Structures are given as C-alpha cells and as structure tokens.
Amino acid sequence: MITLESPRTAKARPFARSAQFYDAARMTWANPDGTGKVDAPGAPSLGTVSVAGATKLFGASWKAIAKQARSDNAKFRSAPLAGTLTVATKTSFAPAASSNVVGVIPGTDPVLGKEVVVLSAHLDHIGITRPANGAKDGDALNNGALDNAIGIASLIEEAKRFTTSGKASKRTLIFLAVTGEEKGLVGSDYFTNHPTVPLANIVADVNLDMPILTYKFEDMVVFGAERSTLGPIVQTAVAAIGVGLSPDPMPEEGIFVRSDHFRFVQKGIPAVFLWPGQKGPGKAAVAYFMANNYHKPSDDLSQPILWDQGVRFVDANYRIAREIADGAERPVWNAGDYFGTLYKGPMGRAAAAK
C-alpha cells in the first residue's frame, strides 16, 4: 500500500518531517511467538508519496485526482503510468523489554466491587535524541518533567488519597502506569488486549498526561467528557475546585485520540482526559511550553512549575474517579456518540421526543 500525502496533510505536517524519520525504529508489543502486533493485517505499507512526488508520478491528472479525493464518495479508475516502480525493503526485529506497572485497590461492594475504574498515566518519555538546538552543553536527554513525570506523580497522589481517605470505594480501582506511550500508545494497547481483569468489567478510564502547571489555571479542558455520562461527573468535580470547563482549544490537534485513554475508548470504554485550561495566563503558558519545551531536554525541573496547581489538578481528577467508583450506575456513551457507536460500547438511551 502506498499512501499519498494530501495537500491538506502537507500543510499540517511537512513531508520533509516524515521523510526525516522514515527509517526510524518502530515499536509494538510482541505476541508469545515473538511476532509483533499488526495494525492492518493484509495491507502492508510500502511508502508515502509527497504532493510533489505524486505530481511527477501521475502527471497532469494529479490535480484532478487530489481534488476528487476530498470527496467522501470518490471513485477512481485505474490507468497505466509512464514508468515502472520497483521497491525493495528490508526489516529486522530486535526484542526490547519495558513493563506496565499495575496497582489495585479492591472495591468493597459485593456487586459493584467486580467493576473496575482505571486511572492511567504513562511512565515513559522519548529518551536521548539529538542535542537541542542551540544547547551549549549538548544536552540530549529528554527529561519529561511535565510529560509525563507530573502525570505519574498525580497517579501516585491519587492512590494515596484513596488509601488514606478512610472511605473505601465501592468499585475496584486500578492505578495503571503504562510504558511506550511515546512509541504509539504501546503499553496501554497491550493492557487493553491483555487486561489483568475481565475487559467487560472496566467501566471507565481517567487519564493523566502532561498537565502544564506553570501558571495558575482558571479553567479546565476535559477531552471526551461531552461524549458520555462522565460529563456531569466532570462538571461537578471541576466546579468543586472553583473553575469551569472550556471547549477543546485546539481541535485540529486531535488530542482525544493521542493519549493512553484512547486505547480504552477503542474497546468501547468511556474515558476522559483533563488538562488545565487556557483562560487568563494559560494560552501564553501552553504556547510557550509547546514551542520551547515539548519533547525537548528543557522539559525539566528548571521550568517554573507551580506545585500548588498540581494539588488542584490531582483534586479534580480524584473527585472524578471517586464519583465513578461510588456511583450507582456504570458510565455509558451518550446515545449515538460517534466513538461509542464505532467501538460498540455501552450506549445510553436517546431522550424521548416531547
């Protein structure tokens, strides 16, 4: 299969960036026989052709093809090309080991205790890369302080709050620190395909990933809350810490499908993922982090991290998890929700027409 880069994609992600990493190692989890998990059986990927390359390959007809490809109902007819393309590839496999870490607090309710609420965070970062541009000391170690040591610290703090609250939860809680998020959500993908509890018993995932805590946040953004009955739970929890909810400020980034909670969504399990919002100083702080520190060695403890904002972040997530863990009903997708329908999750009933 050859993927053709569309003009729209070319603007969002320059082809040169893709070409830079074409021969980089990929990672997935292994089957017992040593083979790797295959995302698209029977459809091997041969390569990606840029817009400029497609123009050379297809000639004058490329503009019409590209225009037609924008339609959901596009139909194409095969035609001979001027030349012949021969491609040879060579792939090798090398084993690597990296573990998920799972902690469990059993639920106390004789019925609800069989159900499970997962709190997740990824324990990996991108490791050692090229020295940062302009780094005089040649620093190439990507520390991952906010992405995602803060998320792991939040996971640990929430586990402490549940164990020291003096109130055991009705549902079982799993605190899941997953590996390989930066390699393509590998650890969470492995867990949801090899769960330590029956997958049908997992009722929700609350994910903790890269909260930017360099400013006093005045609102929160919750990816996925509007898609399920987790929405009202999130609204109440966020209001309890004195802030409101704001819509996704960068929908073009597709954040909802880019962190570990999405592996649960792909199994039909409702999930939410919180970030401090971008009201007040938030917009500038987030923009600065993404431009200067995201996936760079400078994501370290020299940043002006406000630890009291970490306490607020943990508080909001704890309240969400606590309500799910003690709620009378398991969360369900809102009637007709795209992801709930696509992945055949438990669906709420449509409201009766008046």
Side-chain angles (χ1 to χ4, degrees), residues 1-6 9-10 12-50 53 85-102 120-135 137-149 151-152 176-194 207 209-210 253-255 257-264 266 290 293-300:
M1 178 176 67
I2 295 179
T3 303
L4 298 177
E5 180 193 42
S6 71
T9 303
R13 184 183 66 251
F15 184 78
R17 184 177 177 186
S18 298
Q20 181 183 355
F21 299 104
Y22 83 96
D23 59 350
R26 306 294 195 270
M27 182 173 287
T28 186
W29 48 265
N31 295 308
D33 63 359
T35 59
K37 173 226 177 185
V38 179
D39 287 318
S45 179
L46 182 61
T48 301
V49 178
S50 69
L85 176 67
T86 301
V87 177
T89 63
K90 182 179 180 180
T91 301
S92 61
F93 293 88
S98 189
S99 299
N100 291 336
V101 180
V102 183
S120 59
H122 72 88
L123 53 76
D124 66 304
H125 195 48
I126 63 173
I128 296 175
T129 57
R130 299 184 183 90
N133 293 335
D137 58 0
D139 187 5
L141 174 61
N142 294 269
N143 302 278
L146 294 182
D147 182 18
N148 186 40
I152 289 292
L176 177 64
V178 293
T179 187
E181 190 269 354
E182 302 290 1
K183 297 297 186 181
L185 315 184
V186 176
S188 51
D189 192 35
Y190 182 87
F191 180 85
T192 55
N193 281 281
H194 303 82
N207 192 40
D209 187 4
M210 203 178 81
E253 293 288 340
I255 300 296
V257 302
R258 287 174 52 186
S259 191
D260 292 301
H261 62 279
F262 190 63
R263 295 306 190 195
F264 291 87
Q266 288 177 304
M290 298 303 291
N293 299 325
Y294 176 66
H295 283 195
K296 293 183 174 67
S298 54
D299 181 11
D300 60 18

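Nothing fancy with the numbering, it's 1 onward along the sequence. Please read these numbers as outputs of a predicted model, since none were measured by experiment.
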Would you tell me whether His122 and Asp209 have side-chain atoms, one donor and one acceptor, within less than 3.5 Å of each other? yes

So, taking the atom named CZ in Arg263 and the one named CG in Asp189, what distance separates them when rounded to the nearest 0.5 Å? 4.0 Å

I need the Leu141 CG to Lys296 NZ distance, nearest 0.5 Å. 15.0 Å

Using the side-chain contact (heavy atoms from CB on, under 4.5 Å) rule, take Phe264 and Leu176 through it: C-alpha gap first, then chi angles, then the decisive distance, then the call. CA-CA 12 Å; Phe264 291 87; Leu176 177 64; 3.8 Å; yes

Is it the case that Ser298 and Asn293 place a side-chain donor and acceptor less than 3.5 Å from each other? yes

Look up atom CZ in Phe191 and atom CG in Asp260, then write down how far apart they are to the nearest 0.5 Å. 11.5 Å

Ignoring hydrogens and angles, tell me if any N or O in the side chain of Asp124 forms a donor-acceptor pair with the backbone of Glu181 under 3.5 Å. yes

Heavy-atom pair of closest approach, residues Ala121 and Gly151: CB-O, 3.7 Å

CG-CD distance between Asp147 and Glu182, expressed to the nearest 0.5 angstrom: 5.0 Å

Using a 3.5 Å distance criterion without hydrogens, assess whether the side chain of Arg26 forms a donor-acceptor pair with backbone atoms of Gly184. no

Calculate, to the nearest 0.5 Å, the distance between atoms CE and NZ belonging to Met27 and Lys37 respectively. 14.0 Å

Non-hydrogen atoms of Leu123 and Ser99 that approach each other most closely: CD2-O, 3.9 Å

Testing the 3.5 Å rule here: is there a donor-acceptor pair between the side chains of Asn142 and His295? no

Under the side-chain contact (heavy atoms from CB on, under 4.5 Å) rule, what do Asp299 and Asn143 come out as? Steps first, then yes or no, please. CA-CA 6 Å; Asp299 181 11; Asn143 302 278; 5.7 Å; no

Could you walk me through whether Ser259 and Asn207 satisfy the side chain to side chain donor-acceptor pair (under 3.5 Å) test, starting with their C-alpha distance in whole Å, then the side-chain angles of each, then the deciding distance to 0.1 Å, before giving a yes or no? CA-CA 8 Å; Ser259 191; Asn207 192 40; 2.8 Å; yes

Begin with the C-alpha distance, continue with both residues' side-chain angles, and end with the deciding distance and a verdict on side-chain contact (heavy atoms from CB on, under 4.5 Å) for Met210 and Tyr294. CA-CA 10 Å; Met210 203 178 81; Tyr294 176 66; 3.6 Å; yes

Gap between atom NZ of Lys183 and atom OG1 of Thr28 - 0.5 Å precision: 12.5 Å

